[in-house]
A.B. asks: 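The structure's right below; bear with me while I get my questions together.
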Amino acid sequence: MRGVRGGAAVCAVPVLLAALLTGCQGLSGAPEKSPPTSAGAGGEPAGASLPGGHGAVFLDVDECSSFGRTSFTEVPCASERAAARVVARHDGTVRDGPPCPGTTDFVLHISAQNRASDEDGDGAVPQGYACMRNLTPPHPGDPGGGGGPRTIVGDCVYGSGDGQVRETACDGEGGHEPGYRVTRIVDRRSQCPSSTALYVDVGGEKPVGCARRL
């Protein structure tokens, strides 16, 4: 049995351990009879935010951002510049905060900013992150879409070499042939079906993804 840990760009390879970070999924080999992000492959880079000030809170839920993930502004959702809508918003960092909803397409990382005025009048925008959903397709965060910051039921992964695995589109349109599909998310490995070939650490309250070979 092998284990892989995923990272945004490079995946480490500890045995029998896998952790989902942005951009790469952790998997471990054939199921035991007796129990892993930027991000799916669509794991998201940190963004240097440029506040636009259209709402009481910068990029609050149901507000929209312009195109770009390293430089972006808040814009009205009806604007031709609007690219994605906020589906969840949290202070702090992705590593320490709540996970984004399963079908999130990407994450905008909001740097702490000093401002003349802001939502609570203290002259600062706190560090945080916004879980984003594209206003129009494609939606890489959908099941089998080949991206998004989380691994969910229906997603596919492939081995990228040196013990690394990454998410890819299940239809093969992502440039890599999918090798496994996640069929179930459970509390522990013993709850996976007998067809499970790899375990995916998806984090959250139910941390184990059961993946079958395609």
Side-chain angles (χ1 to χ4, degrees), residues 8-9 20-25 37-155 166-171 173-175 202-205:
L20 169 66
L21 295 179
T22 303
C24 192
Q25 287 69 45
T37 203
S38 180
E44 316 316 329
S49 61
L50 301 174
H54 288 276
V57 175
F58 178 57
L59 284 181
D60 203 356
V61 174
D62 284 334
E63 294 177 341
C64 293
S65 73
S66 62
F67 293 90
R69 299 186 190 178
T70 58
S71 179
F72 55 88
T73 58
E74 181 183 309
V75 297
C77 290
S79 167
E80 62 181 13
R81 297 178 57 210
R85 186 184 303 272
V86 181
V87 295
R89 173 73 157 82
H90 304 288
D91 290 338
T93 64
V94 172
R95 181 183 297 274
D96 299 325
C100 285
T103 55
T104 298
D105 287 330
F106 64 95
V107 176
L108 289 181
H109 300 261
I110 301 168
S111 302
Q113 307 252 341
N114 291 321
R115 301 176 64 193
S117 62
D118 74 333
E119 61 268 19
D120 56 12
D122 65 2
V125 175
Q127 181 183 20
Y129 58 98
C131 309
M132 309 299 296
R133 175 84 172 170
N134 292 331
L135 292 179
T136 59
H139 293 292
D142 282 351
R150 295 185 58 188
T151 298
I152 60 178
V153 171
D155 280 343
R166 291 184 181 275
E167 189 177 329
T168 190
C170 290
D171 61 9
E173 296 297 318
V202 298
E205 295 182 356

A.B. asks: If every non-hydrogen atom of Phe67 is compared with every non-hydrogen atom of Glu80, which pair is closest and at what distance?
C.D. replies: CE1-O, 4.1 Å
A.B. asks: Is there side-chain contact between His109 and Val94, with heavy atoms separated by less than 4.5 Å?
C.D. replies: yes
A.B. asks: Please answer whether the main-chain N or O of Gly144 pairs with a side-chain N or O of Asp155 as donor and acceptor at a distance below 3.5 Å.
C.D. replies: yes
A.B. asks: Are any side-chain N or O atoms of Ser66 and backbone N or O atoms of Thr73, one a donor and one an acceptor, separated by less than 3.5 Å?
C.D. replies: yes
A.B. asks: Taking Asp91 for its side chain and Gly128 for its backbone only, find out whether a donor-acceptor pair lies under 3.5 Å.
C.D. replies: no
A.B. asks: What is the minimum heavy-atom distance between Val57 and Arg89, and which atoms define it?
C.D. replies: CG1-NH2, 4.5 Å
A.B. asks: Rounded to the nearest 0.5 Å, how far does SG of Cys64 lie from CD of Glu74?
C.D. replies: 8.5 Å
A.B. asks: Does the distance from a Lys or Arg side-chain N to an Asp or Glu carboxylate O, for Asp142 and Arg133, drop under 4.0 Å?
C.D. replies: yes
A.B. asks: Is Cys131 close to Pro101 at the side-chain level, that is, under 4.5 Å between some pair of heavy atoms?
C.D. replies: yes
A.B. asks: List the atom of Cys77, the atom of Ala82, and the distance in Å for their closest heavy-atom pair.
C.D. replies: O-CB, 3.6 Å
A.B. asks: What closest approach, in Å, do Val87 and Val61 show between heavy atoms, and which atom pair accounts for it?
C.D. replies: O-CG1, 4.2 Å
A.B. asks: Using 0.5 Å steps for rounding, measure from the CD1 atom of Ile110 to the OH atom of Tyr129.
C.D. replies: 10.5 Å
A.B. asks: Do Arg150 and Val202 have side chains that approach each other closer than 4.5 Å (heavy atoms only, starting at C-beta)?
C.D. replies: no
A.B. asks: What are the two closest heavy atoms between Glu167 and Gly148, and how far apart are they?
C.D. replies: OE1-O, 4.5 Å
A.B. asks: What's the shortest heavy-atom distance between Met132 and Ser65, and which atoms?
C.D. replies: CE-OG, 3.5 Å
A.B. asks: Looking only at the side chains, is there a donor atom on one of Asn134 and His139 sitting less than 3.5 Å from an acceptor on the other?
C.D. replies: no
A.B. asks: From Cys100 SG over to Phe106 CZ, what is the distance, rounded to the nearest 0.5 angstrom?
C.D. replies: 10.5 Å
